[in-house]
Engineer: 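Take a look at the following structure, please.
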Protein chains: 2
Amino acid sequence: MSTSDGGGAYHHGDLRRSLIVAAHALLRAGGVEAVTLREAARLAGVSHNAPYRHFASREALLAALATEGFRALRQALDDAGRRAEPGGRLTALGRAYLRFADADRATFRLMFGGVVEEAGHPDLAEASGAAFGALRSVVAEREPSAGAEREALRAWALVHGLAHLVADRQIDAERAEACLT
Amino acid sequence: MSTSDGGGAYHHGDLRRSLIVAAHALLRAGGVEAVTLREAARLAGVSHNAPYRHFASREALLAALATEGFRALRQALDDAGRRAEPGGRLTALGRAYLRFADADRATFRLMFGGVVEEAGHPDLAEASGAAFGALRSVVAEREPSAGAEREALRAWALVHGLAHLVADRQIDAERAEACLT
DNA sequence: CTCGTATGTTGCGCCTGTCAACATACGCGC
DNA sequence: GCGCGTATGTTGACAGGCGCAACATACGAG
């Protein structure tokens with residue numbers, strides 16, 4: 001076969017994808033608590049139990065959403081890094097990180113909110129690791145000296161903290177970007 | 001009366017408190033999703049509907065947990081600030097912040113996870129404001145110059161980001177503390 | 001064309017949140 | 001001391017969600 005998990009098209013035409021799209025809409029509209037297997041099924045136009053052919057549980061659906069989020073974040077970071085000159089790379093990545101958090105607050109919170117554990121969701125762990133890798137490599141490139149480790153961690157934490165503050169609407173994206181050194 | 005909301009002792013002996021304690025235990029053990037009005041009632045030894053005499057809804061219970069969290073955080077920050085010399089105050093507060101996040105990860109995530117909105121929970125807004133005030137005043141005290149605003153925000157974001165990384169178990173508390181300048 | 005299997009459906013039990021009606025115990029006024 | 005009003009807790013019910021099991025269907029291989 002081909003559909004095993006990745007994205008075939010049987011009766012419905014790619015229900016897995018449709019469910020993720022529907023769930024993402026629910027997530028953006030009402031936060032994690034609003035993401036429901038049944039409501040996603042309803043939006044996709046299938047019966048309340050059809051999702052179980054693609055997701056073992058509600059948490060598996062949430063994990064898929066978080067995985068997509070990490071993939072999108074990684075894409076955004078890669079793009080930003082490729083577009084920027086070596087000197088301004090870190091700032092560019094930081095900006096991309098903040099814009100991601102600002103543009104999809106609910107997904108950002110799902111990714112870092114601890115509702116889904118990476119253990120037991122290999123795809124999620126991989127996507128998350130890849131996104132962090134993109135960030136870490138650029139941070140390390142800028143600080144190759146002795147205290148690099150610490151400075152890299154500081155830069156990461158700063159951006160991450162700003163992103164959370166943005167996602168929580170405690171500061172707005174502009175003020176956050178102004179803090180990126 | 002006296003019990004209106006604050007903490008009386010009628011039949012049960014202070015059910016409101018007992019429910020908060022029980023819910024806190026559930027929160028620590030299983031995260032937000034494990035916090036259930038019915039389970040809290042069970043732990044407190046009352047019927048499944050008794051909690052409604054003290055909390056209007058599940059979200060109100062979660063808001064109470066977050067409020068308690070912000071009060072504890074503020075207490076920890078105040079204590080740390082009082083114990084430290086003026087020069088090392090910011091670092092001391094940062095350490096207290098990180099230790100709080102490390103000691104009660106689930107509550108930290110509830111406080112900043114966006115599941116409960118401050119709007120509609122005045123107590124929560126007040127407690128959260130007070131905790132941030134404690135942090136902000138010390139940050140500002142250390143950076144009274146022109147770019148103070150920006151530097152204060154950077155310091156805040158750094159600590160906050162480290163705390164999230166600690167709560168998410170992406171780094172351990174020791175490494176985080178080493179980043180506090 | 002037939003058959004196996006991936007996909008989707010129907011129906012169910014259990015759990016939760018929440019409402020409504022009822023029961024009970026506390027303390028105030030007499 | 002005593003009865004009553006009210007804050008508190010209980011019982012019962014309903015809707016909605018999760019996840020299981022049995023069933024139905026459509027696709028592709030041969």
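Numbers restart at 1 for each chain; the letters A, B, ... are given by sequence-line order, proteins then strands. FYI, side chains are in, hydrogens and waters are out, and symmetry mates aren't considered; it's all heavy atoms of this structure.
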Engineer: From the options C:dT9, D:dC18, C:dT18, select the nucleotide whose nearest atom is closest to the side chain of B:Y52.
Structural biologist: C:dT18
Engineer: Return each pair, listed once, that meets salt bridge (Lys or Arg N to Asp or Glu O under 4.0 Å) where at least one residue sits in residues 153-167 of chain A; pairs must be two or more places apart or across chains.
Structural biologist: A:E151-A:R154
Engineer: Please determine, by modelled atom types, if A:Q170 and A:H164 share a side-chain donor-acceptor pair under 3.5 angstrom.
Structural biologist: no
Engineer: Given atom CG of B:L19 and atom P of D:dT8, what is their separation to the nearest angstrom?
Structural biologist: 12 Å
Engineer: Have a look at A:R53 and say if it touches a base, only the backbone sugar-phosphate, or nothing, with a 4.0 Å heavy-atom cut-off.
Structural biologist: base
Engineer: Side chain of B:R38, base of C:dG17: donor and acceptor closer than 3.5 Å?
Structural biologist: yes
Engineer: In whole angstrom, give the distance that lies between atom CZ of A:R16 and atom P of C:dG8.
Structural biologist: 13 Å
Engineer: Whole angstroms only, please: what is the CZ-C1' distance between B:F55 and D:dG9?
Structural biologist: 15 Å
Engineer: Heavy-atom contacts under 4.0 Å between residues 39-47 of chain A and DNA chain D, which residues?
Structural biologist: A:R42
Engineer: Just compare D:dG9, C:dT10, C:dG8 and give me whichever is closest to any side-chain atom of A:N49.
Structural biologist: C:dT10
Engineer: Is B:H48 near enough to D:dG12 that one of its side-chain N or O atoms lies under 4.0 angstrom from OP1 or OP2?
Structural biologist: no
Engineer: Could you state the CD-P distance from B:E33 to D:dG19, rounded to the nearest angstrom?
Structural biologist: 11 Å
Engineer: Please report the distance, rounded to the nearest Å, between CD in B:E59 and P in C:dT16.
Structural biologist: 19 Å
Engineer: Measuring from the side chain of B:L37 (C-beta onward, heavy atoms only), which nucleotide among D:dG19, C:dG17, C:dG8 has the closest atom?
Structural biologist: C:dG17
Engineer: Between B:T67 and B:H121, do the side chains contain an N or O donor and an N or O acceptor separated by less than 3.5 Å?
Structural biologist: no
Engineer: Assess the pair A:F70 and A:F112: is the distance between their ring centroids shorter than 6.0 Å?
Structural biologist: yes
Engineer: Any idea which of D:dC18, C:dG17, C:dT9 is nearest the B:T36 side chain?
Structural biologist: C:dG17
Engineer: Is it the case that the side chain of A:S57 and the backbone of A:A60 share a donor-acceptor pair, with hydrogens and angles ignored and the cut-off at 3.5 Å?
Structural biologist: yes
Engineer: Looking at A:D172 and A:R175, is any side-chain nitrogen of the basic one under 4.0 Å from a carboxylate oxygen of the acidic one?
Structural biologist: no
Engineer: Could you tell me whether the side chain of A:R74 and the main chain of A:A127 form a donor-acceptor pair under 3.5 Å?
Structural biologist: no
